[in-house]
Number of protein chains: 2
Amino acid sequence: MKLTANKIAGVLREHGYKLTPQRHAVLKVIAASYAHLTPEAIYEKVHLENSDIGLVTIYRTLDILRELNLVCRMHAPDGCRSYMMRRPTEHHHHLVCSSCGRVVDFAGCDLVDLEKRLARETRFEINGHLLELYGLCPDCNLASR
Amino acid sequence: MKLTANKIAGVLREHGYKLTPQRHAVLKVIAASYAHLTPEAIYEKVHLENSDIGLVTIYRTLDILRELNLVCRMHAPDGCRSYMMRRPTEHHHHLVCSSCGRVVDFAGCDLVDLEKRLARETRFEINGHLLELYGLCPDCNLASR
DNA sequence: CAGTAAGTGAAAAATATTATCATTTGTAAT
DNA sequence: ATTACAAATGATAATATTTTTCACTTACTG
């Protein structure tokens, strides 16, 4: 898949956000990676090309991108501070490599039966879920032998 | 279910941890609640009865309790800073009320088929998952009409 | 009941995130 | 092109959260 940063830049405009070089740089970095990145990590990568950008701008940009559903936040058992491109816009989940951080998206979590069962048993009105799978990607798996 | 704080205190001892009044107080508060509580919230509740306990001790105690698998951390879409009693010791998940924070545990997430499918498609070696369901508990649901 | 390793509180440090504000800049209307 | 202006930025400070340090205290063993 090609970099979609430019296409996404259009979405920013549609929603009344200006397209600044800083935002472009952040988008480029996130779009170029298939792993999850912390704000700090994004900051460092952005700095390699564009050294006069502040960490604060990274945070601000991430807020907007999240609002526009352009990025996802990654949930790990011990924290949830990293972000990645939201490649499929629809409902989906992540399969994350615990070693290198690579993320594969997938749809079809199929929790409908489970949710029905629990709604019946608990009388809760269920309206959302969080699901992340963890494992080792083929590369890291090989490397660890 | 009765307070299990005393029984659990024994587990601390078994693992070489001393049973201090502070730890007892923290355990009592967590065991008494069926919602998820942040360290700060636990601190405040503990203070009502035992005002000379520091926030640091709450953090230290939570670390130990987590190490011993006595508490679970709650993952919410926008943060994961709260803890609750681990009622079933086995693998389980949470159904959380977004309004009052009440938590119901459940087992039988049955993601085996999904994991098999993904393992085949991605060649990942899958070894864990994070699943939390959100909704409204019967009480909050009624109250919101 | 004494010795000791473990635990504690207070304060400081480290980390992470958000707010403030003077200055700059992207964009749309001239 | 130029201009006007709201929006965005960087620097700094403020806030929030968690961890570290250390002198003192205490639960537990024998």
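Chain naming here is simple, since letters A, B, ... match the order of the sequence lines and numbering starts at 1 in each.
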Can Leu27(A) be reached from Val103(A) by stepping across I, L, V, M, F, W or Y side chains whose heavy atoms are under 4.5 Å apart?
no

So if you build clusters from Ile, Leu, Val, Met, Phe, Trp, Tyr with side-chain heavy-atom gaps below 4.5 Å, do Met74(A) and Leu68(A) land together?
no

Judged by modelled atom types alone, do His75(B) and Glu132(B) share a side-chain donor-acceptor pair under 3.5 Å?
no

Taking atom types as modelled and ignoring hydrogens, do the side chains of His129(A) and Glu115(A) form a donor-acceptor contact shorter than 3.5 angstrom?
yes

Strictly below 4.0 Å: does Gln22(A) bring a side-chain N or O up to OP1 or OP2 of dG10(D)?
yes

In whole angstrom, give the distance that lies between atom [atom1] of [X] and atom [atom2] of [N].
X: Tyr43(B); N: dT19(D); atom1: OH; atom2: C1'; answer: 16 Å
X: Asp78(A); N: dT15(C); atom1: CG; atom2: C1'; answer: 15 Å
X: His15(B); N: dA6(C); atom1: NE2; atom2: P; answer: 16 Å
X: Tyr83(B); N: dT17(D); atom1: OH; atom2: P; answer: 13 Å
X: Arg81(B); N: dA16(C); atom1: CZ; atom2: P; answer: 11 Å

Could you tell me which residues satisfy ring-ring contact (aromatic ring centres under 6.0 Å, His included) with Tyr134(A), sequence neighbours excluded, listed by chain and number?
none

With distance as the sole test, does Thr57(A) use its side chain to make a donor-acceptor pair with the main-chain N or O of Ile53(A) at under 3.5 Å?
no

So, His92(B) side chain and Glu90(B) main chain: donor-acceptor pair closer than 3.5 Å or not?
yes

Looking at every strand, decide which applies to Glu40(A) at a 4.0 Å heavy-atom threshold: base, sugar-phosphate, or nothing.
nothing

Of Arg23(A) and Pro21(B), the one whose closest nucleotide on DNA chain D sits nearer the 5' end is Arg23(A)

Identify the heavy atoms of Met84(A) and Ile30(A) that sit nearest to each other, and give their distance.
C-CG2, 3.8 Å

Can you establish whether the number of heavy atoms outside Arg123(B) located under 6.0 Å from its atom CZ is more than 12?
no

Can you sort out which residues in residues 50-64 of chain A have a heavy atom within less than 4.0 Å of DNA chain D? Ascending by number, please.
Asp52(A), Ile53(A), Gly54(A), Val56(A), Thr57(A), Arg60(A)

Output one line per pair: protein atom, nucleotide atom from nucleotides 27-30 of chain C, and distance, for all N/O pairs under 3.5 Å.
{"unit_1": "dT27(C)", "atom_1": "OP1", "unit_2": "Arg13(A)", "atom_2": "NE", "d": "3.1"}
{"unit_1": "dT27(C)", "atom_1": "OP1", "unit_2": "Leu19(A)", "atom_2": "N", "d": "3.1"}

